[in-house]
Amino acid sequence: MPQASPNTSSKRFIAAAPETLPTSVPLHTAVLIGRFQPLHNGHMALLHAALERARQVVVVLGSAWQAPNPKNPFSWQERAQMLRNALSKEDAERVRCVPVRDYYNEPLWVHAVREAVQAHVPEGASVALVGHFKDSSSSYLARFPGWELISLPRLGQFDATPLREIFFGEGHASAGSMDAALARLSPQMPESTLDFLRLWAQTPLYLRLQQEWHMLQDYKRAWAKAPYAPVFVTVDALLRCRAKGQDQVLLIQRGHAPGQGLWALPGGFLEQRDSLWQSCMRELREETCSSISEADLLAALQAVQVFDHPDRSLRGRTITHVHYLDLGVQPSLPPVQGADDAALARWVPIADLPRMEAEFFEDHFQILCQFLPVTLAQSEPERQVA
């Protein structure tokens with residue numbers, strides 16, 4: 001997505017070093033948006049700059065309720081704790097942390113951010129968005145008309161990706177290697193974050209995500225010499241059925257990394273000689289042992305929708321084609337059984353999906369929300385955690 005120009009008539013744009021920012025304009029709330037995976041000194045520089053400019057700071061913690069993966073290993077609660085631990089007691093009392101989920105849809109995400117922030121801002125109070133335009137991924141900073149935009153110069157390391165690479169790539173199972181990895185990270189993050197990482201590295205989740213990180217690195221190396229970065233094409237089957245008074249959807253539990261153990265739609269990569277429909281039918285049968293006839297499935301087909309957000313998959317640019325199939329009311333649910341890449345296949349009541357949000361692979365929960373009557377849980381996040 002091209003970077004949007006911040007010079008719009010609906011906002012005042014301030015680009016200044018901290019020491020030259022005008023101080024005559026009263027500012028009630030400064031907003032800082034980030035994933036903080038993990039919190040590092042670049043984040044802290046922006047946070048302190050925000051605290052200098054406003055009575056309170058609202059920190060928007062992105063990718064909330066996402067299943068842990070090597071890009072987003074820490075829960076929003078853990079990231080809020082990192083922020084609390086890195087601040088003085090006085091500063092922590094002026095900071096509010098609000099979680100916002102990924103929507104893979106910018107207008108929905110912007111609306112959610114606004115709602116989360118406004119819950120902490122009195123009517124008519126001034127709001128400014130504090131950030132640093134590092135590249136096109138920062139274009140979201142210009143999506144909030146009505147808020148001042150304070151674009152600060154680079155105040156340190158702003159990319160957490162190389163920090164996670166050290167943490168997962170060099171912090172092997174032995175204590176000595178983890179100490180060496182943390183020593184490399186120490187110039188880039190607060191001491192409290194290092195302490196958090198040291199303890200977190202002793203959990204089973206660290207070992208699982210470290211293995212997944214290495215798997216993804218091997219995956220990318222396999223096509224690193226291609227003349228162009230590959231674009232992968234996949235298919236997914238969203239199969240719905242109403243039986244015995246319940247509205248249900250067919251899900252599989254992934255049997256392998258990435259996302260081993262997470263819930264997903266039955267699906268996979270497009271085969272060279274298959275059409276999208278043929279690949280969808282093949283994957284559905286291979287992963288769920290479905291015996292529903294192709295004619296019945298074709299009659300149940302309601303829509304095919306493309307999901308192509310550039311960040312939807314850690315495996316690389318992956319564009320999926322979701323086939324929405326509604327079997328309607330049936331006397332009983334068609335029998336299913338996990339096979340091939342699926343460790344398990346089962347029918348899940350749609351009413352149960354919200355509480356499973358943090359157990360879904362990639363953007364599959366958001367895909368379900370596109371087609372099904374899913375009422376989001378946690379839509380009223382805890383209002384004050386820092």
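Residue numbers count from 1 along this sequence. Side chains are part of it too, since the values below use all heavy atoms of this structure and drop only hydrogens, waters and symmetry mates.
Taking every heavy atom of both residues into account, Ala181 and Ile166 meet most closely at O-CG2, 3.7 Å. Scanning all heavy atoms of the two residues, the minimum distance from Arg164 to Pro38 falls at CG-CD, 4.1 Å. Residues His40 and Gly42 share a closest heavy-atom pair of ND1-N, 3.1 Å. Smallest separation of non-hydrogen atoms from His28 and Pro122: CE1-CD, 3.3 Å. The two residues Arg355 and Asp352 have their closest heavy-atom pair at CG-O, 3.1 Å. When every heavy atom of Pro187 is checked against every heavy atom of Ala183, the shortest pair comes out as CD-O, 3.6 Å.
Transitive grouping of hydrophobic side chains (ILVMFWY, heavy atoms separated by less than 4.5 Å) brings Trp76 and Phe36 into a common cluster. No path of Ile, Leu, Val, Met, Phe, Trp and Tyr side chains, each step under 4.5 Å between heavy atoms, connects Leu250 with Tyr324, placing them in separate hydrophobic clusters. No path of Ile, Leu, Val, Met, Phe, Trp and Tyr side chains, each step under 4.5 Å between heavy atoms, connects Leu238 with Trp277, placing them in separate hydrophobic clusters. Transitive grouping of hydrophobic side chains (ILVMFWY, heavy atoms separated by less than 4.5 Å) keeps Leu298 and Val235 in distinct clusters. Cluster membership for Leu207 and Met215, using ILVMFWY side-chain heavy atoms within less than 4.5 angstrom, is not shared.
Of the possible polar contacts, none joining the Gln248 side chain to the Cys241 backbone as a donor-acceptor pair under 3.5 Å is found. Of the possible polar contacts, none joining the Arg53 side chain to the Leu27 backbone as a donor-acceptor pair under 3.5 Å is found. Not one N or O on the side chain of Arg55 forms a donor-acceptor pair closer than 3.5 Å with the backbone of Arg94. Asn41 contributes no side-chain N or O that, together with a main-chain N or O of Met44, makes up a donor-acceptor pair within less than 3.5 Å. The closest donor-acceptor contact from the side chain of Glu212 to the backbone of Gly259 lies under 3.5 Å. Listed for the His323 side chain is a donor-acceptor partner under 3.5 Å among the backbone atoms of His321. At distances below 3.5 Å, not a single donor-acceptor pair connects side-chain atoms of His111 with backbone N or O atoms of Leu108. With hydrogens and angles disregarded, a donor-acceptor distance shorter than 3.5 Å links the side chain of Arg79 to the backbone of Phe74. Put simply, the side chain of His364 gets close to the backbone of Leu265: a donor and an acceptor are under 3.5 Å apart. A donor-acceptor contact shorter than 3.5 Å links the side chain of Arg285 to the backbone of Ile292.
Geometric assessment of Arg254 against the ring of Phe361 yields a positive cation-pi assignment under the 6.0 Å and 45° thresholds.
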Enumerate donor-acceptor pairs with a distance under 3.5 Å from any side-chain N or O in residues 325-333 to protein atoms, sequence neighbours excluded.
from	atom 1	to	atom 2	distance (Å)
Asp326	OD1	Arg242	NH1	2.8
Asp326	OD1	Gly328	N	2.8
Asp326	OD2	Arg242	NH1	3.2
Asp326	OD2	Arg242	NH2	3.1
Gln330	NE2	Leu327	O	2.8

List the atom pairs, with distances to 0.1 Å, where a side-chain N or O of residues 341-351 and a protein N or O form a donor-acceptor pair under 3.5 Å, not counting sequence neighbours.
from	atom 1	to	atom 2	distance (Å)
Trp347	NE1	Pro334	O	2.8

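Taking CG of Leu61 as the reference point, atom CD of Gln37 lies at 9.0 Å (rounded to 0.5 Å). Summarising the geometry, atom CD1 belonging to Ile252 is positioned 4.5 Å from atom CD belonging to Glu287; distances are rounded to the nearest 0.5 Å. To the nearest 0.5 Å, atoms CD (Glu170) and CE (Met178) are separated by 10.0 Å. Between the CZ atom of Arg96 and the CG atom of Leu83 there is a distance of 13.0 Å, given to the nearest 0.5 Å. Atom CD1 in Ile33 sits 4.0 Å away from atom CH2 in Trp109 (nearest 0.5 Å). Here the CG-CG distance, from Leu239 to Leu284, works out to 6.0 Å after rounding to the nearest 0.5 Å.
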Derivation of the side-chain contact (heavy atoms from CB on, under 4.5 Å) call for Trp200 and Leu205
CA-CA 8 Å; Trp200 196 85; Leu205 180 57; 3.7 Å; yes
Checking side-chain contact (heavy atoms from CB on, under 4.5 Å) for the pair Val249/Phe371: CA distance, chi angles, key distance, verdict?
CA-CA 11 Å; Val249 64; Phe371 294 99; over 6 Å; no
Could you please spell out the steps behind the side-chain contact (heavy atoms from CB on, under 4.5 Å) verdict for Phe365 and Val374?
CA-CA 10 Å; Phe365 178 77; Val374 178; 4.1 Å; yes
Full working for side-chain contact (heavy atoms from CB on, under 4.5 Å) between Gln118 and Val121:
CA-CA 5 Å; Gln118 290 303 143; Val121 180; 4.0 Å; yes
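Inter-residue side-chain proximity for Trp147 and Val31 is flagged as met; some heavy-atom pair is nearer than 4.5 Å. You'll find the side chain of Val95 reaches within 4.5 Å of the side chain of Leu51, heavy atoms only. Met189 is not listed as a side-chain neighbour of Leu39, based on a closest heavy-atom distance of 4.5 Å or more. When side chains are defined from C-beta on, Leu87 counts as touching Leu47, because their heavy atoms get closer than 4.5 Å.
Every residue two or more places apart in sequence or in another chain that forms a salt bridge (charged side-chain N to carboxylate O under 4.0 Å, His left out) with Asp363 is listed here: Arg312. Legend: residues meeting salt bridge (charged side-chain N to carboxylate O under 4.0 Å, His left out) with Arg273, ordered by chain and number and at least two apart, are absent.
Under the ring-ring contact (aromatic ring centres under 6.0 Å, His included) criterion, no residue pair touches residues 279-306, with sequence neighbours excluded. Applying the ring-ring contact (aromatic ring centres under 6.0 Å, His included) test to residues at least two apart or on different chains, the pairs with a partner in residues 281-319 are Tyr104-His309.
Counted by atom type alone, Ser313 and Glu362 present one or more donor-acceptor pairs between their side chains at under 3.5 Å.
Ion pairing between Glu93 and Lys89 holds under the 4.0 Å rule for side-chain N and carboxylate O.
Ring geometry for Phe232 versus Phe269: interplanar angle over 60°, hence perpendicular rather than tilted (30 to 60°).
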